[in-house]
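Below: the structure, in structure tokens.
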Amino acid sequence: MSQEFTSRDKDYSKWYNDIVEKADLAEHSAVRGCMVIKPYGYSIWEKMQQALDKMFKDTGHVNAYFPLFIPKSFFSKEASHVEGFAKECAIVTHYRLKNDENGNGVIVDPDAKLEEELIIRPTSETIIWNTYKGWIQSYRDLPLLINQWANVVRWEMRTRLFLRTAEFLWQEGHTAHATAEEAIVETEKMLNVYADFVENWMALPVLKGVKTPNERFAGAIETYCIEALMQDGKALQAGTSHFLGQNFAKAFDVKFAAKDGKLDHVWATSWGVSTRLMGALIMAHSDDQGLVVPPKLAPLHVVIVPIYKTDEQLKQISDVAAGIKKNLEAKGLSVKYDDRDHLRPGFKFAEYEFKGVPVRIAIGGRDIENGTVEVARRDTKTKETVKQTELIAKVEQLMVDIQQNLYKQALDRRTAGTHKADTYDDFKRILDNKGGFIYAHWDGTAETEQKIKEETKATIRCIPLDNKQEEGNCIYSGKPSKQRVVFARAY
RNA sequence: CGGGAUGUAGCGUAGCCUGGUAUCGCGCCAGCAUGGGGUGCUGGAGGUCGUGGGUUCAAAUCCCGCCAUCCCGACCA
């Protein structure tokens, strides 16, 4: 396992892949475009799920589960929705295999063709709204606030572990409301939940905004998003929340009787985050020594490594370590004592560094004599000697400090990576130099947005929610503009 | 889905041009020493050469199909 990471400067893509692989997060599977999430990676995802799930419950949502398969006909009910997903659907056409008579192994039984093909969900709006039709009759049935944790499939041409895979894990919230205002409040509320999660748990600052019509979810009236900046200057959409208006209610004929007896279609939202957040987490904090995980999402908070020469010394150290482990665990921290005898301490140090464990405690013969331990933190890679009596409080404080420091570092990086451009030349120069978020005036037309995308590969990431109004001229067309929007090259 | 590259032990590779069943390193197993930043020595196990077909006395090597991965484009959470 003696291995070096490719540095970020040398090859950012390779650095990312190295971390995913060497930190044991995931690997490619035998199936094209699909990954195996390994236990260490999955335990980070589980932490994310737990935190998000609690936030959903705290805001009044409940979990349910809808089928993986969606009848093909459901898709054609909402025109723009079909159009958005048609090109990337996996389709089930048969339900049986049989042995080939010519001895070519198993083949699809041509007699077992489905009357109506089933689409493997790329998202669940259609099956859910078909179901909601039976659940909603009266304003008393509203709001309906449901979330599901599920896998979805989008047949991607080019995939990258966590960032874009053919199958991925996510949650999708689907809510129904009596009024447009209430649905918009819900859409914004869930956007704030996502922003809160990404900033406070993942320690990653995000921009909240709305998408341009071009970038909007297929079937939505308005798409809200959170956008984060990665270390290579590319943006990553970390979550979206959609105001769907009455589009799906109309498509699936979901009406409710108001107090006054009038029938109206209900108002909808949907919102989701996916295992893509793992990609964001990796690229947000990790360095050339490997993964860095914020304490709030770390599967393992502290590792204790003994340094010893004799069995007797090991026993003394193990006794001390057991006490420390017990006391740290009593504080809710997850702790591992690594007394594997065939590996040297230095090897273990490196191993836990590339897995991103926030704090390492080393205990040696000298420490036993002095009543101390050596404490090293992953984020700054600094070490200090701490008295055993002060250790528990010290480690608890470190968890807070590391979480904050990671956020601050990410925020500083984003600040340094955020620019303004007033001319198209400037705009292109910034993109080619360092990338990042670029605030620039835009004339509001899809044509300009498209041209800029074709010429520079930069897209409008969002129009920030609390955007400053400011007179200016579009960097591309020169036409008047009332505000700057955020451009970037994106994942 | 187009262009390019690659596929040999768990991983990384040599061999391929000029056919004769395979090289080296890491890892793994055993033992001894070592132990405050990726340990050393000794011995050992492990391979349908991605896959299917063809040429040949003989194929990792030559030819064709397929699959997968990586890079570059079009598409996208």
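In the text below, chain A, chain B and the rest are named by the order of the sequence lines, each starting its count at 1.
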Sugar-phosphate only, base, or nothing, as touched by A/Leu236 at under 4.0 Å among non-hydrogen atoms: nothing
Side-chain-base donor-acceptor pair under 3.5 Å for A/Arg366 and B/G36: yes
Rounded distance in Å - NZ (A/Lys383) to P (B/G36): 11 Å
Side chain of A/Glu156 (C-beta onward), nearest among B/A77, B/U69, B/C71: B/A77
Nucleotide nearest A/Pro345 when distance is taken to its side chain, options B/G38, B/G35, B/C71: B/G35
Watson-Crick or G-U wobble mate for B/A74, both contacts under 3.5 Å: none
Residue whose closest nucleotide on RNA chain B lies nearer the 5' end, A/Arg160 versus A/Glu215: A/Arg160
Pairwise P distance, B/U6 and B/C62 [rounded to whole Å]: 12 Å
A/Lys457 side-chain proximity, nearest of B/G73, B/A77, B/G38: B/G73
Gap in Å between the two P atoms, one belonging to B/C11 and one to B/C63, rounded: 27 Å
Touch class at under 4.0 angstrom, heavy-atom based, for A/Thr165 against every strand present: base
Touch class at under 4.0 angstrom, heavy-atom based, for A/Gly33 against every strand present: sugar-phosphate
Rounded interatomic separation in angstrom, taking CE from A/Met35 and C1' from B/U69: 16 Å
A/Asp311 and A/Lys315 ion-paired at < 4.0 Å: no
Pair of N/O donor and acceptor under 3.5 Å linking B/G37 base with A/Glu353 side chain: yes
Nearest-angstrom distance, C1' atom, B/C66 to B/G20: 29 Å
Partner nucleotide of B/C28 by Watson-Crick or wobble geometry (both distances under 3.5 Å): B/G44
Sugar-phosphate only, base, or nothing, as touched by A/Gly272 at under 4.0 Å among non-hydrogen atoms: nothing
Nucleotide nearest A/Arg276 when distance is taken to its side chain, options B/C75, B/A77, B/G73: B/A77
Evaluation steps, side chain to side chain contact (heavy atoms under 4.5 Å, CB included), between A/Phe69 and A/Ile120: CA-CA 5 Å; A/Phe69 302 118; A/Ile120 299 179; 4.3 Å; yes
Residue A/Tyr308, side-chain heavy atoms: nucleotide from B/G35, B/A74, B/C70 that is nearest: B/G35
Opposite nucleotide pairing with B/G38, Watson-Crick or G-U, both atom distances under 3.5 Å: none
Salt bridge present between A/Glu227 and A/Lys211 (N-O < 4.0 angstrom): yes
Atom pair distance, as rounded to whole Å: NZ in A/Lys14 and P in B/G12: 10 Å
Whichever of A/Leu343 and A/Glu167 has its nearest RNA chain B nucleotide further upstream toward 5': A/Leu343
Distance between C1' atoms of B/G12 and B/C49 (Å, rounded): 15 Å
Whole-Å gap separating P (B/G10) and NE2 (A/His28): 18 Å
Between C1' of B/C26 and CD of A/Glu21, the distance in whole Å: 13 Å
Separation of atom CG in A/Leu169 from atom P in B/A77, rounded to whole Å: 18 Å
Spacing of the C1' atoms in B/A59 and B/U55 (rounded, Å): 10 Å
Ring centres under 6.0 angstrom apart (A/Trp129, A/His81): no
Base partner of B/C66, which must satisfy Watson-Crick or wobble distances under 3.5 Å: B/G50
Spacing of the P atoms in B/G15 and B/U23 (rounded, Å): 14 Å
Lys/Arg N to Asp/Glu carboxylate O, A/Glu353 vs A/Arg378, below 4.0 Å: no
Pair of N/O donor and acceptor under 3.5 Å linking B/G36 base with A/Arg344 side chain: no
Heavy-atom side-chain proximity of A/Leu163 to A/Leu236 below 4.5 angstrom: yes
Sugar-phosphate, base or nothing in reach of A/Tyr491, heavy atoms under 4.0 Å: nothing
Shortest side-chain distance from A/Ile307, nucleotide among B/G36, B/C70, B/G37: B/G36
Presence of salt bridge, A/Arg377 and A/Asp379, under 4.0 angstrom: yes
From B/U69, B/G36, B/G38, nucleotide with atom closest to A/Phe354 side chain: B/G38
Distance in angstrom units between A/Lys87 NZ and B/A77 P, rounded: 10 Å
Candidate nucleotides B/C72, B/G37, B/G36, ranked by approach to the side chain of A/Arg158 - the nearest: B/C72
Spacing between A/Leu163 atom CG and B/C75 atom C1', to the nearest angstrom: 16 Å
Atom P, compared across B/G7 and B/G50: separation rounded to whole Å: 8 Å
P atoms of B/A30 and B/A9, separation to the nearest Å: 24 Å
Sugar-phosphate, base or nothing in reach of A/Ser274, heavy atoms under 4.0 Å: base
Electrostatic pair A/Asp196:A/Lys189 at N-O distance under 4.0 angstrom: no
